[in-house]
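Each chain gets a letter, A, B and so on, in the order its sequence line appears, and its residues count up from 1.
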Amino acid sequence: MDLTSINPILLVASIMISATPILLAAIGEMVVEKAGVLNLGVEGMMITGAVVGFATAVSTGSPALGFAAAALASAVLSLSFGVLTQILMSNQVATGLGLTLVGLGLSALIGKPYEGMKSPTLPKLDIPVLGDIPLLGRMLFSHDAMVYLSLLLVLAVWATLKYTRAGLILRAVGESHDAAHALGYKVIRIRMTAIFFGGACAGLGGAYLSLVRVPQWTEGMTAGAGWIALAIVVFASWRAERVLIGAYLFGGVTVLQLNLQAAGAKVPVEILSMSPYLITILVLVVISARGAHGAPASLGRPFHASS
Amino acid sequence: MNRRTLLSTAAATLVGTTLATGAFAAAHGDKVKVGFIFVGPIGDGGWTYEHNKGRLAVEEAFGDKVETVYQESVPEGADAERAITQMALSGANLIFTTSFGYMDPTINVAAKFPDVKFEHATGFKRSDNVGVYSARFYEGRAIQGHIAGKMTKSNKIGYIASFPIPEVIRGINSAYIHAKKANPDVEFSVIWAYTWFDPAKESDAARALIENGADVILQHTDSTAPQAAAQEKGNVITFGQASDMAEYAPMPRVSSIIDNWSPYYIERVQAVMDGTWESDDTWDGIGSGMVGIGEISDAVPADVKAEALELKDRIAAGDYHPFTGPLNKQDGSVWLAEGETAPDGDLLGMNFYVEGLTGDIPN
Amino acid sequence: MIRMERRAQPSRVWTALTPVLAVMLTMVVGGIMFALLGKPPLDAIRTIFWDPLFHPQFAAYSRPQLLVKAGPLILIAIGLSLGFRAGIWNIGAEGQYIVGAICGAGMGLAVYPTTSPLIFPAMVLAGAFGGWLWAMIPAFLKVRFGTNEILVSLMLVYVAEALLASASQKLLRNPDGMGFPGSRNFQQYPAAHNGEILANSGLHWGVLAAFVAVIFAYVLLTRHIQGFNIRLTGEAPRAARFSGVSPARIIFLCLGFGGALAGAAGLFEVSGPAGQISIDFNSGYGFTAIIVAFLGRLHPVGILLAGLLMALTYIGGELAQLMLGVPGASIQLFQGMLLFFLLATDVFTNFRVRFGKTEIA
């Protein structure tokens, strides 16, 4: 075994790339859950974003347009979930599972003509000064724009939730929709907005898979990434900064496991692959044992304004 | 429709139908109906894609004389048995089940439909109306190994393996033996991805290997993601797997192993038409064309290309067996003596590395 | 202006009408989808809904198969529905199903090749126990620490999947299997095989267990005090607590029951139709069962019908692929639509939709 062959700089850079899709999807889902809505359809929205983003980028030659179209398509798809759960009062768990079915089926149908094609991909940014820093430059400042956008998005969500009135209202709706309603907030409208945002983020995450990380379109290519995003939100106990840590950790475990194998280490793959979920459960237990339940109090509960 | 007629229709249907299908096959006239059960979507770009190409080749070759049907993404297990049965019930005369996990379901269904012929890919159980077929992919791996050994500058070759099963282990051994012959300093690092198809993970695995110094990536997983990852890194060569993956030529993809099922499928359909079909055990390689070697691109120096093609010809002609002694197992014990070639039995159940490979096979 | 008023009682008329409405809407929209794909829409719809039941060539085979496909869905969904009624969201049935299958199959394989008639019942018990144990993890954590059971049970699905991958390659791997992953096949192990009780009926022990579970749940919910407690806990948790119902007890009861049924379903499947433990023998039954539970409105009889309907779309979908060459993905989309329409039209059951200005009550 020769672990010295693992280059820590390249390892971190790889982790950042492999974590970006789940980071994007998770930060969006976190906002949705903060508003008190549990959307289990992340996988369906991600894969829709992946196919729409890819198709758009191939047809227009512009990856940026691809990302925009992916965000829009997934957000529109997520509205079907919104209408069902918020206006027609359907059960969120069942509707989310239905959304996954719809997304997987729809994406495969849309994607048929695009199989085996290559798309333009995002260029690596050449950031002046920062990119020239020895070691760190290569590690942190030589990525494509979406990596930084995802980080900015985390920052923006964090700041919005913590410091703005909009964030306060969103949290209030998630904690107690009846109280928020009594205060005159439009619970359903706020939740719809959150769902729309969550859909857009999942779409971006999916498009990052098909346009940058892999980059190609193949049916079923998300291979469970949406479910991992759901796990990360829980792991992060609904805090933006921890979503970042969680996504990098989840991404990190996979990449590190592969790197250890490449370096010739004997890796118990099964134990490693279940470890993030065990850690997530542990985190959940710890936060709930401390009395702070972490989860928004109204999570998953339907709201109907009776008056 | 009122309740009574509904019930009586149902009863009549029940009575009028039996599990035997000979009658249905006859009802189709002289058209031979050929069915295919696929494990993935036909657009996977790899394993299932190539089997589907074989199906299309059958249609092309026989035109009006055949009808083909298929079902894609059939899970291995209970669903497979139903899918195969329904295909037999629909009057198929010949059914190809194209994944290892369909082995027991195929045998079960075949017992119920003695008049239907079955062909199961990559398995080892046969019966009177079940034949098995597979390809000697390891012959292609030998050529890959040779090119890889000649082309590597870092002397590190990365190998993305799927599951630790004999077929995959054979491929690793064959590639290693020939890379080592071409370049005694060569080292292999193997990543077990535990998936046949997960583009994101395959891409990560390729990156991990490259970042650990490999400049040649061999893959035994089905997506083109490792090709894309290698292209992005530059100065890394790869080989297409299952399908040609020519969209990545001339670099990084310098050659490929192509599963070419068409000749076999056409031959077997013809045999059913002629009434000469018999259950047999086919394990073909480069010689019959079942294993194709994709165009070796100009990124490979002319002399290496010539050597590779010569190796291919010798294997095709049967003059050379990729597993020819002296070969030792990883623990140093003797496997094949000088000049001895590996018996098929050893190859089918191969669960060991040859001498020189480092690391353990997980199990 | 459209307003919705909650009904005091779910409407009986709409309860019966919405599934019909939803199926019809799915047929229309699904038909448009098939037409867009260049397939004859009427044929496709007929193939999915009619042919598995009445097609002269297939029905004799596919009608029993409906039971095979619906059995595990119903069995799991019945277990889940009790929890859902009490407001306990076990969405990790897939994990309990897998662990049950591993435990039960492990039990049978450990004593291979016995011929004792006791082995199959012992395997069923071991399977139910495995599922129960796996469900006890979220139950215990919820009772002890107040940890959210939705998330814990979901996380445990992934852990179970990793266990399954490991079991099929190491512990339970068939020693005569040429090194391929996957256990021995129970079809070649008669004492442990969950075969058909009546030939060509599709009726195996798991299907029978599903029917028994439907009756049991019906009696429990309508005639038994624990069933009343479960319903009360879901509908009025505070009232339940005041009347002395222990929430912890309900949590253990509901999760345990759901886990045990899911575990037993896993064992029935692995020792019968699937035949062996393999890396992905679990084809998502645990998740599909959640859909079935909701389609059946958490009512035992509704679940029975919903399970059969879901099985119909699976088998009909397969036939549509086979006969008409429609892509597999379109069937997935079709099922998603069916679920969406059912959930959407369900609003009429619980709400009265009024048009026009707000009236004075």
If you count heavy-atom pairs under 4.5 Å between each of [options] and chain A, which one has the most?
{"options": "B/A200, B/A205, B/G359", "answer": "B/A200"}
{"options": "B/P199, B/S189, B/S203", "answer": "B/P199"}
{"options": "B/Q227, B/M245, B/R207", "answer": "B/R207"}
{"options": "B/S243, B/A214, B/A208", "answer": "B/A208"}

* Asked: With ring centroids as reference points, do B/F36 and B/Y265 lie under 6.0 angstrom apart?
  ->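 Yes, ring centres under 6.0 Å apart.
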Examine whether an atom of [X] lies under 4.5 Å from a heavy atom of chain A, and if so say whether it belongs to the side chain, the backbone or both; otherwise answer neither.
{"X": "B/T224", "answer": "both"}
{"X": "B/D360", "answer": "side chain"}
{"X": "B/E202", "answer": "neither"}

* Asked: Out of B/T221, B/D222, B/N52, which one pairs with B/W47 under the side-chain contact (heavy atoms from CB on, under 4.5 Å) rule?
  ->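 So the option named by the test is B/D222.
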Using non-hydrogen atoms and a 4.5 Å limit, figure out which bit of [X] sits close to chain B: side chain, backbone, both or neither.
{"X": "A/L209", "value": "side chain"}
{"X": "A/Q216", "value": "side chain"}
{"X": "A/L256", "value": "neither"}

Cationic N near anionic O, under 4.0 Å, [X] to [Y]:
{"X": "B/R253", "Y": "B/E247", "answer": "no"}
{"X": "B/R82", "Y": "B/D79", "answer": "yes"}
{"X": "B/K180", "Y": "B/D185", "answer": "no"}

* Would you say the side-chain atoms of B/D215 and B/N235 include a donor-acceptor pair closer than 3.5 Å? ->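 Note: B/D215 and B/N235 side chains miss the donor-acceptor criterion.
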* Asked: Any idea which heavy atoms bring B/A161 and B/I172 closest together, and the distance?
  ->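 So the two residues come closest at CB-CD1, 4.2 Å.
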